[in-house]
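A quick write-up on the structure given underneath.
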Number of protein chains: 2
Amino acid sequence: MSLKFVLLTLLDREPRTGYDLVRTFETAVGYFWNASHQQVYRELGALADARLVKFKQVEQEDKPDKKIYSLSSSGQKALRLWLENPLKTQKNKDLLLVKLLNANSDNLSLMQEELQRNIHDSEVLQATYLKIEQRYYSAKQMRSLPVDQVMIYAALRKGILSIEAHLAWLSEVDKLLRKAFDK
Amino acid sequence: MSLKFVLLTLLDREPRTGYDLVRTFETAVGYFWNASHQQVYRELGALADARLVKFKQVEQEDKPDKKIYSLSSSGQKALRLWLENPLKTQKNKDLLLVKLLNANSDNLSLMQEELQRNIHDSEVLQATYLKIEQRYYSAKQMRSLPVDQVMIYAALRKGILSIEAHLAWLSEVDKLLRKAFDK
DNA sequence: AACTCATATGCACATTGTTGCATAATTTGT
DNA sequence: ACAAATTATGCAACAATGTGCATATGAGTT
């Protein structure tokens, strides 16, 4: 039920092809959602069957033909209805914690390796996010930020704040592990 | 593939019934995983078919019969193997951000209501977590914390740090929304 | 006697996600 | 001239997850 509303949201902002949607997941929206091209095309087919979206077939001479999808009026209604209903608070699942739950004095180094990998990956991602923020959302640029970009920026901020908290936690876990199982 | 290893992890720590596992999800492990009883029983059945777990049928006079599950030797091997392999970094999905992506000057109050609900829910959860920390993980209690409880505490810390970051982000979003669409 | 709660287990169906396969045109690089 | 990458779309099979429905016992409550 979720991907459906993600696609409706994106198509409401701007009509697109399936391919465009996939690239949007790979770039701007990737902070908080993603889906494979197979999923996207399947869901677009279902949405078209349900008359929530319509599409214009566009023939291109240089590239394969494409279908530009946009919301139908009942699609707009469905989206509006979804927006009016409160979200259920979502529960997160964290496999790293599941793994760490297995920590004992025998496999300590295994756990520490996993931690270090996670720290490294998080730092790389953090650096990426911060670079994007500096490059596209400087104080100067923020003054003239287009309204449709505001929540894209909010998504980036969410990524930055989450990673910061995650790194702080990883450092705590490292200490806890040492205290409990080292030597 | 994930629930499988969650159950193996929990059963390795201590043999349990399906019912016990569900209650574990509702309490201690709920910070980072949960599954319905239907999911748990189905997965236990699959694990038993695959000979990764075994169970002892226990007849009770006062209550319905129960099955106490524990790891078989191949279950222990499967768990160990999983622990040795690096985790893939997981991508998170955030429906709140999807909803906020629809923000405009017409539906601003709708978005703000959703934000306020989210802030409220987060604060309630935060208070709960902090109370648990005070009650069960005081400085004094931490000195004699059983080793098998260390990562349960780490899970709680993860919850606390995440919610803190989430609340900070929600406050940023509130400001961004006002600046962009208010008036 | 009827109702609710806690214990305890499970099937069936629907939705979602992943993997493999398939096609077709153009552009870019070697 | 050939190979690889990019643009563009989709089906089929299977794996995993989530939701609704169903059953049974015993304890305590109204």
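Lettering follows sequence order; numbering is per chain, from 1.
Heavy atoms from other residues, nucleotides or ligands lying under 6.0 Å from CD of B/Glu59 number 12 at most. Applying the 6.0 Å contact sphere to CZ of A/Arg51 captures no more than 12 heavy atoms from other residues, nucleotides or ligands.
When the P atom of C/dT9 is taken as reference, atom CZ of B/Phe55 falls 10 Å away, rounded to whole Å. In this structure, CG of A/Leu21 is placed 15 Å from C1' of D/dG10, rounded to the nearest angstrom. Atom OH of A/Tyr41 is separated from atom P of C/dT19 by 19 Å (rounded to the nearest Å). Whole-Å rounding puts the A/Arg16 CZ to D/dT9 P distance at 13 Å. Spacing between atom CG of B/Asp65 and atom P of C/dT9 amounts to 9 Å, rounded to whole angstrom units. The CD-P distance, from B/Glu59 to C/dA8, rounds to 14 Å in whole Å. In this structure, A/Lys66 places its NZ atom 17 Å from P of C/dA25, rounding to the nearest Å.
Taking the six-membered ring for Trp and the full ring otherwise, the centers of B/Tyr31 and B/Tyr129 sit less than 6.0 Å from each other.
Residue B/Arg23 has no polar side-chain atom (N or O) positioned under 4.0 Å from OP1 or OP2 of C/dA6.
Contact check for B/Leu167 versus B/Glu123: side-chain heavy atoms found under the 4.5 Å cut-off.
Just one residue in the list B/Leu96, B/Leu101, B/Asn92 forms a side-chain contact (heavy atoms from CB on, under 4.5 Å) with A/Phe32, and that residue is B/Leu101.
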Nucleic acid footprint by protein, nucleotides 14-20 of chain D - heavy-atom cut-off 4.0 Å, B for base, S for sugar-phosphate alone: --SBBBB
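A/Ser109 and A/Gln112 are not linked by any side-chain donor-acceptor pair at a separation below 3.5 angstrom, with hydrogens and angles left out of the test.
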